Amino acid sequence: MVPSSLPAQISHSLVSVPGVGQIAVSKSGRFIATADTSLAIHLEFDGNRLWSSGLRSESCLLRPIDRIRGLAFSDDDELLIAAINDSVVAFSIASAKAVWSYTPPRSFGFLVVSPLSVSAGEGRIAASFDNGSVVQWTSDGRIAVIWHANDAPRQLKIARDEIVGTDSFSLTRWSMHAKVRRARIRMPERIYGFDASESHPYAVTRSLHYAHVWNLETGKAEAKVEVGTGLPLVQCHPTEAAFVIADRDQVVAHRYSGEEIARFDLFGERPLTMKFTPDGAQLLVGSAGSKLLRLPWSPAVG
């Protein structure tokens with residue numbers, strides 16, 4: 001079921017930080033992690049703050065590579081995985097301490113290689129890097145698979161027992177347990193935003209002007225939706241055949257057919273990131289105004 005009108009109420013989380021740039025929700029839905037633009041990670045459990053961890057000294061200026069580009073929880077809800085600066089770091093949810101980390105070797109001995117995105121599922125953790133490599137780990141930090149490719153995804157997601165991603169010019173599907181590309185779809189425009197469904201064979205890509213809905217089994221675009229201004233944010237609903245795209249100060253929901261089904265007003269807040277809860281009951285939106293907004297995904301009327 002999907003929402004058919006504006007939500008009656010948007011509640012604000014306990015999290016209040018400078019620019020919520022990343023959100024992760026555990027498989028159980030009870031843990032929510034956010035990362036802000038000052039390199040701090042905050043973890044809450046059932047709405048209560050467990051811990052916060054600042055990852056830079058107040059006396060140090062941020063470098064261009066200093067940012068948190070992705071967050072993900074391990075399947076067992078024991079680790080929070082973060083793509084930070086030039087490393088992938090696994091933090092213990094219980095203690096906030098780093099359990100393991102991976103920093104790729106520098107290109108040509110001096111060029112920093114940075115992680116671009118991170119995802120978890122199927123008992124694995126996967127991350128893409130800006131040198132065209134993809135690494136998979138087990139939860140204990142052991143490297144299971146590592147490979148390089150010209151079209152390796154810069155944005156990726158573990159979905160439906162495979163890795164789906166985009167290098168900005170093509171949409172690709174990769175085997176979870178081998179260095180095998182299953183399919184490749186050339187994009188009509190450069191891609192800036194992407195997400196893949198966990199329950200349906202669909203992915204949504206977003207260019208500067210349109211969001212395209214792709215059937216991963218046929219390789220064909222089934223819908224094209226015009227988008228407005230704002231960051232190229234897109235999220236697929238975890239169970240329903242629907243997705244959302246962000247505008248400058250609102251979120252618009254569509255079916256995979258392209259039909260618009262709802263608009264959520266953010267009341268002047270500018271969205272920086274979005275994430276559905278695993279049960280699909282809420283869409284979490286991190287804003288530039290230091291808020292974590294919770295949009296209820298209510299059943300359709302009639």
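What's counted below: heavy atoms across the whole structure, side chains too, no hydrogens, waters or symmetry copies. It should be emphasised that the depicted structure is a prediction, and the values quoted were computed from it without experimental measurement.
Contact of the W100 side chain with the W137 side chain is registered, since non-hydrogen atoms from C-beta on lie closer than 4.5 Å. A heavy-atom distance below 4.5 Å is not found between the side chains of S287 and L266. Under the 4.5 Å side-chain criterion, counting only non-hydrogen atoms from C-beta, L79 is not in contact with F73. Between V244 and F276 there is a side-chain heavy-atom pair separated by less than 4.5 Å. By the 4.5 Å heavy-atom criterion applied to side chains, I163 and I158 are counted as neighbours. Proximity of F31 to L80: side-chain heavy atoms (C-beta onward) are nowhere separated by under 4.5 Å.
Every residue meeting the side chain to side chain contact (heavy atoms under 4.5 Å, CB included) condition with A72, not counting sequence neighbours, appears here in chain and number order: V118, A120. The side chain to side chain contact (heavy atoms under 4.5 Å, CB included) search around A96 returns W51, not counting sequence neighbours.
Connection of I93 to V99 is not established within any shared hydrophobic cluster, with ILVMFWY side chains joined at heavy-atom distances below 4.5 Å, either directly or through further cluster members. Note on F169 and Y210: separate hydrophobic clusters, where clusters join Ile, Leu, Val, Met, Phe, Trp and Tyr whose side-chain heavy atoms are under 4.5 Å apart, directly or indirectly. Linking Ile, Leu, Val, Met, Phe, Trp and Tyr residues whenever their side-chain heavy atoms come within less than 4.5 Å leaves V204 and L231 in two separate clusters. Residues V135 and V112 fall into different hydrophobic clusters, defined by Ile, Leu, Val, Met, Phe, Trp and Tyr side chains chained together at heavy-atom separations under 4.5 Å. The cluster map of Ile, Leu, Val, Met, Phe, Trp and Tyr, joined by side-chain heavy atoms under 4.5 Å apart, puts L293 and L272 in the same cluster.
A donor-acceptor contact shorter than 3.5 Å is absent between the side chain of S101 and the backbone of V89. Although no hydrogens or angles enter the test, the distance criterion places a donor-acceptor pair under 3.5 Å between the side chain of Q136 and the main chain of M176. A donor-acceptor pair under 3.5 Å is absent between the side-chain atoms of H42 and the main chain of R49, judged by distance alone. Remark: side-chain polar atoms of R69 are paired, donor with acceptor, to backbone N or O of N85 under 3.5 angstrom.
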Could you walk me through whether V134 and W174 satisfy the side-chain contact (heavy atoms from CB on, under 4.5 Å) test, starting with their C-alpha distance in whole Å, then the side-chain angles of each, then the deciding distance to 0.1 Å, before giving a yes or no? CA-CA 10 Å; V134 173; W174 301 82; over 6 Å; no
Would you sort out whether S107 and N131 count as a side chain to side chain donor-acceptor pair (under 3.5 Å), showing the intermediate values? CA-CA 8 Å; S107 294; N131 67 342; 4.5 Å; no
From CA spacing to verdict: side-chain contact (heavy atoms from CB on, under 4.5 Å), F129, V88: CA-CA 10 Å; F129 294 82; V88 174; 3.8 Å; yes
Could you go through D195 and K157, starting from their C-alpha distance and side-chain angles, then the distance that decides it, and tell me whether this counts as salt bridge (charged side-chain N to carboxylate O under 4.0 Å, His left out)? CA-CA 7 Å; D195 194 26; K157 184 174 182 179; 3.2 Å; yes
Could you go through S170 and T172, starting from their C-alpha distance and side-chain angles, then the distance that decides it, and tell me whether this counts as side chain to side chain donor-acceptor pair (under 3.5 Å)? CA-CA 6 Å; S170 60; T172 51; 5.3 Å; no
Could you check T277 against W297 for side-chain contact (heavy atoms from CB on, under 4.5 Å), going step by step and ending with a plain yes or no? CA-CA 10 Å; T277 55; W297 188 266; over 6 Å; no
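Heavy-atom neighbours of D161 CG from other residues, nucleotides or ligands within 6.0 Å: above the threshold of 12. Heavy-atom neighbours of R248 CZ from other residues, nucleotides or ligands within 6.0 Å: at or below the threshold of 12. For R160, the CZ atom is densely surrounded, since the number of other residues' heavy atoms within 6.0 Å is greater than 12. Residue R270 qualifies as open at atom CZ: its count of foreign heavy atoms under 6.0 Å is 12 or below.
One distance of note links CD of E44 with CG of L292; it measures 6.5 Å at 0.5 Å rounding. Interatomic distance, E189 CD to H209 NE2, rounded to the nearest 0.5 Å: 6.5 Å. Of the inter-residue distances, the one linking S197 atom OG with L216 atom CG reads 8.5 Å to the nearest 0.5 angstrom. A distance of 13.0 Å separates CZ in F91 from NZ in K97, rounded to the nearest 0.5 Å. We find the OG-CG distance between S133 and L116 to be 9.0 Å, quoted to the nearest 0.5 Å.
Taking both residues in full, the closest heavy atoms of Q22 and T273 are given as N-CG2, 3.8 Å, listed atom of the first, atom of the second, then distance. Contact detail for V234 and G193: the closest heavy-atom pair is CG1-C, 3.8 Å. Of all non-hydrogen atoms in A127 and L156, the two that sit nearest each other are C-CD2, 3.9 Å. In terms of heavy atoms, V145 sits closest to K179 at CG1-CG, 4.0 Å.
A salt bridge links R181 to D151: at least one charged side-chain nitrogen sits closer than 4.0 Å to a carboxylate oxygen.
Between the side chains of T239 and S199, no donor-acceptor pair is found at a separation under 3.5 Å.
Within the hydrophobic cluster formed by Ile, Leu, Val, Met, Phe, Trp and Tyr side chains joined at under 4.5 Å, directly or through other members, Y192 is accompanied by L208.
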